[in-house]
**Q** 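Got a structure for you, questions after.
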Amino acid sequence: MALRFYNSIKRAKEDFHPIETGKVGLYTCGPTVYDTAHIGNFRTFMFEDLLKRWLLHLGFAVNHVMNITDVDDKTIKKAQAQGTSLLKITSKYTDLFMDDLNWLKMTPATSYPKATNSIPKIIEMIEILLDKKFAYREDDGSVYFNIKSFPEYGKLTNINLESQKSGSRIVSDEYDKDSPQDFALWKGWKKEDGEVYWDAPWGNGRPGWHIECSAMSIEALGNHFDIHCGGVDNMFPHHENEIAQSQCATDKPFVNVWLHSEFLMVDGGKMSKSLGNFYCVSDLKKIGFSPECIRYQLLSGHYRTKISFSIDKKHEGDKVVRRISNFQSRLNKRNALEFADGLLPESYQKFKKQMNDDLNTPKALAVFFSWMKAVNIKLDQNSITEIELGKAWEFLTVFDSIFGLIQNSIAEIPAEVALLLNKRNKARLENKWNESDNIRDMLKDMGWIVSDTSSGQHIKKTN
RNA sequence: GGCGUCGUACCCAAGUGGUUUAAGGGGCCGGUUUGCAAAACCGUUAUUCGCCGGUUCGAAUCCGGCCGACGCCUCCA
């Protein structure tokens, strides 16, 4: 089955054809680094990572660009509140973001351009828009995009401007605009901005809310590229505005495929900073979540449906991760790797079909689990052939290169714990069950759970 | 007010007209294994898809109505 995606702007699934054969230009809206990202933010980044991993698996050369928005109202406000520089704030939260990405086993983007490094391109684009009369200047040095000049405005989100309710934003807006829905390309310098400004032909100031994504994506991927991703909340106005300013500036179609991931819900509502109902990676780490467990929770629902995140589901993810990891060690014990020669089992074709169908991860996982069960039965019955072992190893390897659920990091075991384990092992060999059980209790009090498996003692940290 | 999504077992979650007399995961229960415990492995678990009506030879899947949940329209993944 051909690779298909649900293209938001078409509101339908369509076959994917890259502009340049074998290559994909992928732009994913990155974080605004004013605070720690929460797990809802990472749902989107995880989806984008999955998309990239799948494209890579299919053999595409992917140029993945994720921007870092390091100047806007919030970053400036935060820097002022903390009495520090914008750079200090943004580099702190950029570092934290990268640490979290890494911990969650996300594969790095090809590049992470920063808004503050793209000012020349931003200015260049605004100048073009001014020249072409798509934009206009105001007395305070700001520049606005005139949305009435772009007939296609609203195409992505099916928005009819006349029917929109006048929101509070318009009332409270401190800038002058011809039409309330026009958006800022450039915000003229104000006292509150302090040191934060750049020179532009029409006056000092800083980029508006959306232009940086257009500038960075076009700079890195060209005027017209394949895929642009983000969360559904970015559709309006962010992506709508990107389309308007980009197409008016370049006279080219901007993006072929728009992919939007749904929200992560918590307690029946969307997880968000403003509602205060969010978990950060560090919160989850503290209560014992592994990256694999989080990956499972975020990837086990389809990216276009709302999924609920819950602490109660930790057990579910843990168990799945354990089963798959255990499956790997079962295969390992049979030296499956030695028989692997690139052949894949039939189930892989089903798996591929599901992934190709708009990244249907729930179905792909179902295919994988059914297959794993069948192989487990053969392993139990000792009726598996060497060819099958090799194929199993290959499929498991492919599977994990996409989902990243196998836990191979063995926790650091403190010396005192290792000592007790040794002691217990000795006792067991001498059938001293009382001593063995006592040591197990001691370890439990210290926060370690020991299990006796056919391959010896297995130790795991409790939460 | 405008635009849009969803309602499937105890929980999560696929399936959008017949190959589904509804995937997969968790939980529960049962079995295998085991010094014990845990883990692992296997099996069982919805005649039914929010409610009502309609279309059809045939509907969870299409249409209409009702009820309920959620999202966007304002910075937000």
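Every value quoted in this text rests on a predicted model; they were computed, and no experiment measured them.
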**Q** Any base atoms under 4.0 Å from V450(A), or only sugar-phosphate, or nothing? Heavy atoms, all strands.
**A** base
**Q** May I ask you to say what F263(A) touches in the nucleic acid, namely base, sugar-phosphate or nothing, with a heavy-atom cut-off under 4.0 Å?
**A** base
**Q** When the aromatic ring centroids of F327(A) and W371(A) are compared, is their separation below 6.0 Å?
**A** yes
**Q** Name the nucleic acid region contacted by R428(A), choosing base, sugar-phosphate or nothing; use a 4.0 angstrom heavy-atom cut-off, strictly under.
**A** base
**Q** Quiz question: by atom type and distance under 3.5 Å, do the side chains of Y27(A) and N67(A) form a donor-acceptor pair?
**A** yes
**Q** With rounding to the closest Å, how many angstrom separate the C1' atoms on U61(B) and A77(B)?
**A** 31 Å
**Q** Whole angstrom is fine here: how far is it from CD1 in I294(A) over to P in A77(B)?
**A** 18 Å
**Q** T32(A) has a side chain; which of A77(B), C36(B), A23(B) sits nearest to it?
**A** A77(B)
**Q** Mind checking the P distance from G30(B) to G18(B)? Whole angstroms is fine.
**A** 39 Å
**Q** For G54(B) versus A59(B), give the span between their C1' atoms, rounded off to a whole number of Å.
**A** 12 Å
**Q** Determine whether the aromatic ring of W433(A) stacks with the base of G35(B), defined as ring centroids separated by less than 5.5 Å and ring planes inclined by less than 30°.
**A** yes
**Q** Side chains of Q245(A) and S214(A) only: does a donor on one sit below 3.5 Å from an acceptor on the other?
**A** yes
**Q** Base of C6(B), side chain of R304(A) - is there a donor-acceptor contact under 3.5 Å?
**A** no
**Q** Rounded to whole Å, please give me the gap between CG in N241(A) and P in C75(B).
**A** 9 Å
**Q** Return the orientation label for the F97(A) and F42(A) ring planes: parallel under 30°, perpendicular over 60°, tilted otherwise.
**A** parallel
**Q** Does S436(A) make a side-chain donor-acceptor contact with the base of G35(B), cut-off 3.5 Å?
**A** yes
**Q** Classify the angle between the aromatic ring planes of W258(A) and F254(A) as parallel (below 30°), tilted (30 to 60°) or perpendicular (above 60°).
**A** tilted
**Q** In whole Å, what is the span from the OH atom of Y6(A) to the P atom of G4(B)?
**A** 10 Å
**Q** Could you give the distance separating G4(B) and U20(B) at their C1' atoms, to the nearest angstrom?
**A** 29 Å
**Q** Is the distance between the ring centroids of F351(A) and F395(A) under 6.0 Å?
**A** yes
**Q** So what is the 5' to 3' dot-bracket string for RNA chain B, if pairs are Watson-Crick or G-U wobble with both distances under 3.5 Å, crossing pairs use [ ] and | means the partner sits on another strand?
**A** ((((((((.[[[..)..(.....]]](.((((.......)))).)....[[[[[..)....]]]]])))))))....
**Q** Looking only at side-chain N and O atoms, does K350(A) come under 4.0 Å of OP1 or OP2 in A23(B)?
**A** no
**Q** For N326(A) and for R424(A), find the nucleotide of RNA chain B with the closest heavy atom, then tell me which residue's nucleotide is more 5'.
**A** R424(A)
**Q** Round to the nearest Å and state the distance from Q457(A) atom CD to A38(B) atom C1'.
**A** 12 Å
**Q** Hey, does the side-chain of D437(A) have a donor or acceptor N/O within less than 3.5 Å of a partner on the base of G35(B)?
**A** yes
**Q** Do we see a donor-acceptor contact under 3.5 Å between the side chains of Y34(A) and D73(A)?
**A** no
**Q** Is a donor from one side chain sitting under 3.5 angstrom from an acceptor on the other, for Q457(A) and S451(A)?
**A** no
**Q** Using a cut-off of 4.0 Å on non-hydrogen atoms, how would the nucleic acid contact of Y296(A) be classed: base, sugar-phosphate, or nothing?
**A** sugar-phosphate
**Q** From the options C3(B), G24(B), C75(B), select the nucleotide whose nearest atom is closest to the side chain of P237(A).
**A** C75(B)
**Q** Applying a 4.0 Å non-hydrogen cut-off, can you work out what S261(A) is touching in the nucleic acid: base, sugar-phosphate, or nothing?
**A** nothing
**Q** P atom, U16(B) versus G50(B): distance in rounded Å?
**A** 15 Å
**Q** Under the 3.5 Å rule, do the base of G25(B) and the side chain of R323(A) count as making a donor-acceptor pair?
**A** no
**Q** Could you state the NZ-P distance from K353(A) to A23(B), rounded to the nearest angstrom?
**A** 17 Å
**Q** Rounding to an integer number of angstrom, what distance separates A13(B) and U55(B) when you compare their C1' atoms?
**A** 30 Å
**Q** Measure from CD1 on I377(A) to P on G43(B) and round the result to the nearest Å.
**A** 5 Å
**Q** Look at the side chain of K273(A) against the base of C75(B) and say whether a donor-acceptor pair falls under 3.5 Å; ignore hydrogens and angles.
**A** no
**Q** Across the strands shown, which category fits G230(A) at heavy-atom distances under 4.0 angstrom: base, sugar-phosphate, nothing?
**A** sugar-phosphate
**Q** What's the NE2-P distance between H315(A) and A38(B), to the nearest Å?
**A** 13 Å
**Q** Taking the C1' atom in each of A9(B) and G26(B), what is the distance between them to the nearest angstrom?
**A** 13 Å
**Q** Taking only the C1' atom of each, what is the distance from C11(B) to C66(B) in whole angstrom?
**A** 28 Å
**Q** Scan K319(A) against the nucleic acid and name what it touches under 4.0 Å (heavy atoms): base, sugar-phosphate only, or nothing.
**A** sugar-phosphate
**Q** Any N or O donor-acceptor pair under 3.5 Å from the base of A37(B) to the side chain of R440(A)?
**A** yes
**Q** Polar pairs (N or O, both sides) under 3.5 Å between protein and nucleotides 12-15 of chain B?
**A**
unit_1 : atom_1 : unit_2  : atom_2 : d
C12(B) : O2'    : K313(A) : NZ     : 3.1
A14(B) : OP1    : H302(A) : N      : 3.3
A14(B) : OP1    : T305(A) : OG1    : 3.1
G15(B) : OP1    : N360(A) : ND2    : 3.3

**Q** Without decimals, in angstroms, what is the distance between L275(A) CG and A77(B) P?
**A** 13 Å
**Q** Take S451(A) and V320(A), find for each the nucleotide of RNA chain B with the closest heavy atom, and name the residue whose nucleotide sits nearer the 5' end.
**A** V320(A)
**Q** Could you check F399(A), Y296(A), F403(A) and say which one makes a ring-ring contact (aromatic ring centres under 6.0 Å, His included) with F368(A)?
**A** F399(A)
**Q** Any donor-acceptor pair under 3.5 Å linking the side chain of H38(A) with the backbone of N41(A)?
**A** yes
**Q** Looking just at side-chain N and O atoms, do T44(A) and S261(A) make a donor-acceptor pair shorter than 3.5 Å?
**A** yes
**Q** Using the rule side chain to side chain donor-acceptor pair (under 3.5 Å), only one of K363(A), K352(A), K13(A) pairs with D357(A); which is it?
**A** K13(A)
**Q** Looking for any heavy atom pair under 4.0 Å, which part of the strands does L264(A) touch: base, sugar-phosphate only, or nothing?
**A** base
**Q** Are side-chain N/O atoms of H260(A) and S8(A) paired as donor and acceptor at under 3.5 Å?
**A** yes
**Q** Applying a 4.0 Å non-hydrogen cut-off, can you work out what M265(A) is touching in the nucleic acid: base, sugar-phosphate, or nothing?
**A** sugar-phosphate
**Q** Quick check: any donor-acceptor pair below 3.5 Å linking the side-chain of N376(A) to the base of C42(B)?
**A** no
